[in-house]
Amino acid sequence: MVTPNIRSLLASKEPVQDVTVQGWVRTRRDSKACTFIELNDGSCLRGLQVVADNALACAELYPKILTGASVRVTGDLVASPGGKQAFEVLAKNVEIVGESDGTYVLQKKGHTPEFLRSISHLRPRTNLLGSVFRVRSRMAFAIHKFFQEQDFFYVHTPIITSSDCEGAGEMFRVTTLPQGSAAKPEEDFFGKPTFLTVSGQLQGEVFACALSKIYTFGPTFRAENSNTARHAAEFWMIEPEMAFYDLEADMGLAEANVKYLLKALFETCGEELEFFNKFVDTGLIARLQHTLDKPFQRVSYTDAVDLLIKSGRKFEYPVEWGQNLQSEHERFLAEEHFQSPVTVFNYPRSLKPFYMRQNDDGRTVAAMDVLVPGIGEIIGGSQREERLDLLEQAMAAHGLSEENYRWYADLRRFGTVPHAGFGMGFERFLMFATGVSNIRDVIPFARTPGHAEF
RNA sequence: UCCUGAGUAGCUCAGCGGUAGAGCGGGUGGCUGUUAACCACUAGGUCGUAGGUUCGAACCCUACCUCAGGAGCCA
């Protein structure tokens with residue numbers, strides 16, 4: 001039996017005879033002649049009010065309809081005399097599909113995100129997490145639309161890899177050898193050391209140098225012992241890679257990508273946005289609208305350093321050309337100076353991995369980071385070094401073996417082309433889009449140091 | 001990993017040296033087209049764990065655990 005979801009019923013313009021609706025009870029209120037059940041099936045934020053008369057044969061069940069129970073209701077969708085909803089279901093019959101009891105912990109009142117994290121199996125039933133995960137799904141779809149509409153091909157890069165996207169971070173080892181085994185890597189399952197991928201970029205470049213424009217969108221893994229609200233050991237990343245793109249075009253695509261997603265957000269998640277704006281972050285909608293309306297700011301790393309020095313602001317970490325921009329610096333740029341997302345480009349060569357394209361000044365590379373207010377970096381990218389001699393120099397300087405990266409150098413040996421790409425942290429984007437301040441609350445089941453529940 | 005703060009009822013919190021409290025949630029009863037419904041009664045606690053100080057510790061001290069915020073690393 002397939003029954004209409006609550007979203008479609010609430011969208012109705014007129015009464016409907018004989019509907020069946022199923023969902024979970026959010027709350028029940030008794031009245032003299034009837035009981036009111038607020039039903040939610042996750043199809044949308046709002047619930048459906050069910051009015052069940054005490055004269056019905058099923059009335060004896062009402063006391064057992066506690067918060068969290070699943071029920072099936074048949075009745076008519078009618079105009080509601082109550083002020084808070086246009087339509088409600090006047091029940092002819094109510095069945096309990098699955099009971100709940102007084103130990104069900106979710107209440108109609110608010111819960112802290114910290115508590116909800118401890119019940120990840122129940123939290124999708126809350127307004128907050130339900131909204132987050134509806135948004136997550138729609139944004140994932142919008143990402144595919146954005147790239148597919150521009151003739152990008154979706155490439156499935158490997159999860160298990162033997163190559164290290166140098167500079168991306170610590171890797172999780174994948175092995176079938178018993179714990180503490182003294183066996184050599186050659187005796188392991190793959191005959192060599194293997195890891196969970198930290199990035200699909202290098203393999204993405206392979207496909208960009210064949211299909212021209214590609215993107216990956218999948219899980220990536222970092223074994224960093226990072227304990228912050230912005231880091232997870234398992235997260236999803238979007239990584240486009242484009243042949244015949246320079247840094248300028250790369251930055252343009254990154255900015256267009258963010259704007260496209262925000263547009264889709266406003267079009268498909270209006271109800272959820274209103275909810276976040278009310279209960280999570282009261283400045284959210286204004287900030288997102290502002291981001292959508294105005295062009296992203298761009299500033300070179302060198303100009304950004306000047307700007308920070310001239311700001312007169314006292315920073316905990318000194319600002320000096322050649323040093324990484326610290327969180328406080330990035331925050332100053334995005335939140336105070338530009339008050340909008342800002343793309344910082346042309347970073348010192350010494351700070352960046354081997355594959356980034358050397359600029360003519362000899363001391364910077366064609367790298368870029370997109371910084372957004374409140375989150376910091378959500379996108380990092382670069383034009384890749386397409387000149388074989390310079391790539392080999394860079395690999396040597398980073399102590400990488402020519403043997404392991406021969407396939408990567410081959411892309412430059414045979415029909416090399418300028419190309420570029422970037423990586424966007426999907427959860428980072430979701431935090432920006434929802435105002436939710438902890439990455440653990442935009443991932444269904446978060447994996448962080450010390451935690452891999454469920 | 002480092003710094004700071006916090007752990008009291010199922011949940012959110014008050015109490016901060018002298019008999020363990022409220023709201024919500026649960027139970028019982030009442031009222032009512034209700035909508036964070038309302039009113040009354042009721043059950044529910046080794047005050048994170050282990051030590052210590054004190055006549056007496058939820059409260060002060062120490063260690064550990066957990067969580068949060070900030071930092072580093074990054075997406």
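Chain A is the first sequence line, chain B the second, and so forth, proteins listed ahead of strands; every chain is numbered from 1.
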For the backbone of A/Phe141 and the side chain of A/His144, can you confirm whether one donor and one acceptor N or O come within less than 3.5 Å of each other?
no

Does A/Asp30 make a side-chain donor-acceptor contact with the base of B/U34, cut-off 3.5 Å?
no

Across every strand shown, the nucleotide meeting Watson-Crick or G-U wobble geometry with B/A71 (both distances under 3.5 Å) is B/U1

Taking OP1 and OP2 of B/G72, is either one under 4.0 Å from a side-chain nitrogen or oxygen of A/Ser327?
yes

Any N or O donor-acceptor pair linking the side chain of A/Arg428 to the base of B/C74 at under 3.5 Å?
yes

Paired nucleotide for B/G7 [Watson-Crick or G-U wobble; both distances under 3.5 Å]:
B/C65

Could you check whether A/Asp101 gets within reach of a base, just the sugar-phosphate, or nothing at all, counting any heavy atom under 4.0 Å?
nothing

Mind checking whether A/Met242 and A/Lys213 have side chains closer than 4.5 Å, heavy atoms only?
yes

Hey, is A/Arg134 close enough to A/Glu271 for a salt bridge, meaning N to O under 4.0 Å?
no

When the P atoms of B/C55 and B/A50 are considered, how many whole Å apart are they?
23 Å

Looking at A/Lys84, I'd like to know whether one of its side-chain N or O atoms comes within less than 4.0 Å of OP1 or OP2 on B/A36.
yes

Students often get this wrong, so: under 4.0 angstrom with heavy atoms, is A/Met424 touching a base, only sugar-phosphate, or nothing?
nothing

Should A/Asp246 and A/Arg357 count as an ion pair when the cut-off is N to O under 4.0 Å?
no

Options B/A71, B/C74, B/G33, nucleotide nearest the side-chain atoms of A/Arg222:
B/C74

Which is true for A/Glu239 with a 4.0 Å heavy-atom rule: it touches a base, it touches only sugar-phosphate, or it touches nothing?
nothing

Nearest-nucleotide pick for A/Leu66, side chain only, options being B/G27, B/G33, B/U1
B/G27

Strictly below 4.0 Å: does A/Arg230 bring a side-chain N or O up to OP1 or OP2 of B/G69?
no

Partner of B/U19 under the Watson-Crick or G-U wobble criteria, both distances under 3.5 Å, comes out as none

Any strand is fair game: report the nucleotide pairing with B/G29 by Watson-Crick or G-U wobble, both distances under 3.5 Å, or none.
B/C39

Between CD of A/Glu170 and P of B/U1 the distance, given in whole Å, is 14 Å

is_close_aromatic(A/Phe332, A/Phe315), centroid dist under 6.0 Å
yes

In terms of relative ring orientation, are A/Phe445 and A/Phe454 parallel, tilted or perpendicular, with 30° and 60° separating the classes?
tilted

Name the nucleic acid region contacted by A/Arg28, choosing base, sugar-phosphate or nothing; use a 4.0 angstrom heavy-atom cut-off, strictly under.
nothing

C1' spacing across the pair B/A20 / B/A58, given as an integer number of angstrom:
8 Å

Would you mind checking if A/Arg298 and A/Glu255 are paired as a salt bridge, meaning a charged N to carboxylate O distance below 4.0 Å?
yes

Looking at every strand, decide which applies to A/Ala232 at a 4.0 Å heavy-atom threshold: base, sugar-phosphate, or nothing.
base

To the nearest Å, how far apart are A/Glu38 CD and B/A36 P?
9 Å

Within the 4.0 Å limit for protein heavy atoms, which parts of nucleotides 10-15 of chain B are touched? Write it as a string from 5' to 3', B for base, S for sugar-phosphate only, - for none.
BSS---

Atom C1', compared across B/C24 and B/C38: separation rounded to whole Å
14 Å

Span that lies between the C1' atom of B/G51 and that of B/A14, in whole angstrom
28 Å

Is a donor-acceptor contact shorter than 3.5 angstrom present between the side chain of A/Ser226 and the base of B/C74?
no

Please state the C1' separation for the pair B/C73 and B/G10 - nearest whole angstrom.
39 Å

Closer to the 5' end of RNA chain B via nearest nucleotide, is it A/Gly380 or A/Thr228?
A/Thr228

Taking atom C1' in both B/U34 and B/U42, compute the distance separating them and give it to the nearest angstrom.
25 Å

Just to be sure I understand the rule, does A/Leu106 reach a base, reach only the sugar-phosphate, or reach nothing, if contact means heavy atoms closer than 4.0 Å?
nothing

What nucleotide, of B/G70, B/U34, B/A75, holds the atom closest to the side chain of A/Arg331?
B/G70

Take the protein atom OH of A/Tyr347 and the nucleotide atom P of B/C74, then report the distance between them rounded to whole Å.
11 Å

Closer to the 5' end of RNA chain B via nearest nucleotide, is it A/Glu330 or A/Phe36?
A/Phe36

Decide, applying a 5.5 Å centre-distance limit and a 30° plane-angle limit (both strict), whether A/Phe426 stacks on B/A75.
no

Check: A/Pro373 and A/Pro341 side chains under 4.5 Å, non-hydrogen atoms:
yes

For B/G69 and A/Asn438 - does any side-chain N or O of the residue sit under 4.0 Å from the phosphate oxygens OP1/OP2?
yes

Just to confirm, is there a sub-4.0 Å distance from OP1 or OP2 of B/C67 to any side-chain nitrogen or oxygen of A/His451?
yes

From CD1 of A/Ile378 across to C1' of B/C74 the rounded distance in Å is 14 Å

Hey, does the side chain of A/Arg29 come within less than 4.0 Å of B/C38's phosphate (OP1/OP2), counting only N and O?
no

Output the rounded distance in Å from CD (A/Glu377) to P (B/A71).
14 Å

Determine which nucleotide pairs with B/C60, using a 3.5 Å limit on both distances of a Watson-Crick or G-U wobble pair.
B/G52

Parallel, tilted or perpendicular for A/His111 and A/Phe115, by the 30°/60° rule?
tilted

Could you give the distance separating B/C59 and B/U49 at their P atoms, to the nearest angstrom?
11 Å

Between A/Phe195 and A/Phe221 (judged by ring centroids, cut-off 6.0 Å), do the two rings come close enough to count as a pair?
no

For B/A9 versus B/G15, give the span between their P atoms, rounded off to a whole number of Å.
15 Å

Does A/Glu328 contact B/G70 through a side-chain donor or acceptor facing the base, at a distance under 3.5 Å?
no

Just the rounded figure in Å: distance from P of B/U34 to CD of A/Glu88.
11 Å

With the side chain of A/Asn225 defined as its heavy atoms from C-beta on, choose the nearest nucleotide among B/C73, B/U1, B/A68.
B/U1

Test of ring centre spacing under 6.0 Å for A/Phe147 and A/Phe217
no

